[in-house]
Amino acid sequence: MCAMVLWLLLFSYLCYGVVSTPVLSVKNSFKPPYNSAGARRVAFWDTNGGTVVKDNFIQLTPNEGGVQGSLWNAKLNTLQDWEVVMGFVIGKPTNLVGADGMALWYTKTQGASGPVFGSEDNWQGMGLFFDSFDNDGDGQNPSVYMILNDGSLSFPHGQDGNPYIKARCTFNYRTSNYDGQYAAPTYVKVRYEAGVLSVSYDRNTVDSKGSEWSPCFSLPVELPRQGYFGLSAATGGITDYHDVISFQTYKITPQNEKPQSEFQEQEQPEPVLDSDTPPDAANDYNFIASSYKDVYSKVHNIEKKQISMTSKIEKDLQGLTGRMLGIENQASDALVGLTKTIGIISSKIEEGEESVDIFKNDINEVSASLQELFTKLNNVGEKVKETRVQAESLREVNKLKAGVLNDMLSGHSWGFWFFLALFQFFFWFSACFYKKEQGNKSKGYQF
């Protein structure tokens with residue numbers, strides 16, 4: 001009987017008596033440093049556009065014109081009630097006005113780059129806008145306002161969100177003389193519990209780190225039961241740095257207003273006995289009460305150990321995630337290097353194949369030239385043969401001519417002497433005739 005009552009009391013305590021504490025959702029959060037294991041990436045988050053991951057903050061846009069940047073949670077938020085605490089810095093090195101601004105999103109699907117403070121239009125869910133520039137001239141900027149969208153609304157830039165704004169507050173969250181390196185951040189807390197959305201901010205951030213909250217607005221809204229967190233920012237002709245320091249998402253459970261480090265043990269009431277309680281029952285009840293206190297103390301110690309172990313596991317998980325990202329980057333770099341090497345080798349092989357083809361063509365051209373040369377040499381050989389035959393024929397003719405001449409000169413032929421005498425007679429006769437004619441001409445011209 002006593003044991004049964006003891007177990008019933010223990011079960012009741014475990015079900016209803018545990019003091020709840022905020023539980024960080026690691027997969028929906030980030031905080032510095034961001035360069036663990038040399039990986040400038042954010043675990044469980046995707047960067048887009050001009051977003052740059054620094055050592056101690058994430059820069060959605062630099063202080064340059066026409067830049068868009070965004071950061072979207074890759075993991076779906078499945079918490080029914082949740083709280084987000086975000087630290088950020090928006091500003092520039094001067095005291096001049098800045099633009100355009102930043103947005104915190106909670107939507108059904110991951111967003112993409114677009115015209116609404118660096119993200120796409122016609123979203124489904126909530127957009128919380130930090131609007132720095134006064135487009136409509138109503139004097140309410142910088143301001144923070146919230147718009148709900150079912151996917152059918154297009155953001156009215158010229159009216160600074162009007163007429164779709166559901167709630168709004170005005171405070172100067174911008175930081176002057178900010179060089180994009182370090183400044184005390186502004187904190188904003190977005191809490192969604194039991195269908196009520198509450199937004200508050202902490203501007204006195206030198207040492208408070210988000211502990212001196214000022215209310216912005218609170219109203220009942222219907223948000224997606226599950227959704228994606230996102231951050232985006234944009235600049236136009238007027239610019240600002242838009243830097244996010246941290247983004248921490250907590251699960252809301254009953255009695256979790258105090259952080260884990262402020263966990264306090266609750267005192268349990270002493271049991272009260274009636275005056276007519278039998279002695280045996282009183283002893284059993286006192287035993288049960290004493291056992292109840294002992295069980296409570298042990299469970300409380302177990303709970304504190306559980307909290308400590310949970311915190312350690314979260315830290316180990318973040319460190320392991322950083323190392324995994326570092327290994328992934330190293331593997332990616334190695335794969336890129338191997339791909340480049342393979343590309344170089346393939347290029348060299350292609351160059352080698354081209355060189356072989358060129359060499360083959362050169363060999364074919366040389367072979368054709370040699371074949372042509374051999375043909376010409378054969379033709380020359382034939383010409384030489386023909387010339388040799390002609391030379392032999394000419395040599396035979398010359399021999400015949402020489403024989404005839406020798407015969408004529410040797411006196412063996414009477415015709416030679418006859419022709420010689422006839423030639424001399426003809427020459428003597430011509431000379432006498434010429435001399436006579438010359439004499440007649442000289443006589444005819446004398447007076």
Side-chain angles (χ1 to χ4, degrees), residues 22-36 40-45 47 51-63 69-73 77 82-92 98 101-106 117-118 127-132 142-144 146 169 171-192 197-216 229-233 240-252 259-262 311 314-315 318:
V23 178
L24 179 68
S25 178
V26 176
K27 68 178 183 178
N28 306 117
S29 305
F30 61 82
K31 62 180 180 179
Y34 302 109
N35 63 339
S36 58
R40 290 185 179 271
R41 296 176 59 184
V42 184
F44 308 120
W45 294 74
T47 59
T51 301
V52 177
V53 180
K54 305 282 188 175
D55 289 344
N56 296 311
F57 61 91
I58 300 168
Q59 189 169 90
L60 298 177
T61 72
N63 186 35
S70 61
L71 182 71
W72 281 91
N73 197 182
N77 175 43
W82 46 265
E83 180 181 276
V84 168
V85 178
M86 178 181 67
F88 65 94
V89 180
I90 298 176
K92 65 197 321 178
M102 185 177 70
L104 189 158
W105 305 90
Y106 186 69
F117 293 86
L128 183 64
F129 301 99
F130 299 78
D131 195 340
S132 301
S143 65
V144 179
M146 187 270 293
C169 71
F171 74 98
N172 187 14
Y173 51 77
R174 293 184 64 250
T175 301
S176 300
N177 302 319
Y178 177 53
D179 60 358
Q181 297 298 321
Y182 175 78
T186 297
Y187 284 90
V188 63
K189 179 165 62 176
V190 182
R191 185 182 181 90
Y192 186 64
L197 181 71
S198 302
V199 177
S200 54
Y201 63 91
D202 178 6
R203 191 69 179 90
N204 302 317
T205 55
V206 176
D207 296 316
S208 62
K209 295 184 178 178
S211 61
E212 301 177 5
W213 297 105
S214 299
C216 183
F229 290 110
L231 297 167
S232 67
D240 258 339
Y241 289 106
H242 295 90
D243 299 339
V244 181
I245 311 301
S246 61
F247 188 98
Q248 294 178 286
T249 303
Y250 296 95
K251 177 182 179 181
I252 297 178
Q260 294 180 7
S261 61
E262 299 178 0
S311 177
E314 289 176 354
K315 291 181 180 179
Q318 288 181 347

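Because the structure is predicted, anything quoted here is derived from the model rather than measured.
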**Study point:** Any residue meeting side-chain hydrogen bond (donor to acceptor under 3.5 Å, both in side chains) with Gln248, in chain and number order, not counting sequence neighbours
**Key:** none
Exercise for review: Return the set of residues passing ring-ring contact (aromatic ring centres under 6.0 Å, His included) with Phe247 (not counting sequence neighbours), or none when no residue passes.
Suggested key: Phe30, Trp45, Phe229
Exercise for review: Please report the C-alpha distance between Tyr241 and Val89 in whole Å, then the side-chain angles of each, then the deciding distance to 0.1 Å, and finally whether the side-chain contact (heavy atoms from CB on, under 4.5 Å) criterion is met.
Suggested key: CA-CA 8 Å; Tyr241 289 106; Val89 180; over 6 Å; no
Practice item. Evaluate side-chain contact (heavy atoms from CB on, under 4.5 Å) for Val144 paired with Val188, printing each intermediate quantity in order. Key: CA-CA 10 Å; Val144 179; Val188 63; 5.8 Å; no
Check your understanding: Tell me, do Val52 and Lys54 make a side-chain contact under 4.5 Å, heavy atoms counted?
Key -> yes
**Study point:** Listed partners of Asn73 passing side-chain hydrogen bond (donor to acceptor under 3.5 Å, both in side chains), at least two apart
**Key:** Asn28
**Study point:** Main-chain N/O of Ser29 paired with Thr249 side-chain donor or acceptor, under 3.5 Å
**Key:** no
Check your understanding: Under 4.5 Å between any side-chain heavy atoms of Asp240 and Tyr178, yes or no?
Key -> no
Exercise for review: Mind checking side-chain contact (heavy atoms from CB on, under 4.5 Å) for Asn56 and listing every partner two or more places apart, or none if nothing turns up?
Suggested key: Pro32, Pro33
Point to revise | side-chain hydrogen bond (donor to acceptor under 3.5 Å, both in side chains) partners for Tyr173, two or more places apart | key: Ser132
Check your understanding: side-chain contact (heavy atoms from CB on, under 4.5 Å) with Asp55: which residues, sequence neighbours excluded?
Key -> Asn35, Arg40
Exercise for review: Check the angle between the aromatic planes of Tyr187 and Trp213 and answer parallel, tilted or perpendicular using the 30° and 60° thresholds.
Suggested key: perpendicular
Check your understanding: Excluding sequence neighbours, so at least two apart, what forms ring-ring contact (aromatic ring centres under 6.0 Å, His included) with Phe129?
Key -> Trp105, Phe117, Trp123, Tyr145, Phe155
Check your understanding: Sequence neighbours excluded, which residues qualify as side-chain contact (heavy atoms from CB on, under 4.5 Å) partners of Thr47?
Key -> Thr51, Val53, Leu71
Review point. How many angstroms lie between CG in Asp243 and CZ in Phe88, if you round to the nearest 0.5 Å?
Key: 11.0 Å
Check your understanding: Rounded to the nearest 0.5 Å, how far apart are CG of Asp131 and CE of Met102?
Key -> 11.5 Å
Revision key, fill the gap. Sorted by chain and number, sequence neighbours left out, side-chain hydrogen bond (donor to acceptor under 3.5 Å, both in side chains) with Tyr192 holds for none
**Study point:** Residue pair Ser25 / Lys251, side-chain heavy-atom distance below 4.5 Å
**Key:** no
Exercise for review: Kindly compute the distance separating CE (Met146) from CG (Leu128), expressed to the nearest 0.5 Å.
Suggested key: 8.0 Å
Check your understanding: Does Thr61 have any side-chain contact (heavy atoms from CB on, under 4.5 Å) partners at least two apart in sequence or in another chain, and if so, which?
Key -> Val67, Ala233, Thr235, His242
Exercise for review: Apply the test side-chain contact (heavy atoms from CB on, under 4.5 Å) to residues Tyr106 and Trp82: give CA-CA distance (whole Å), side-chain angles for both, the deciding distance (0.1 Å), then the verdict.
Suggested key: CA-CA 12 Å; Tyr106 186 69; Trp82 46 265; 4.0 Å; yes
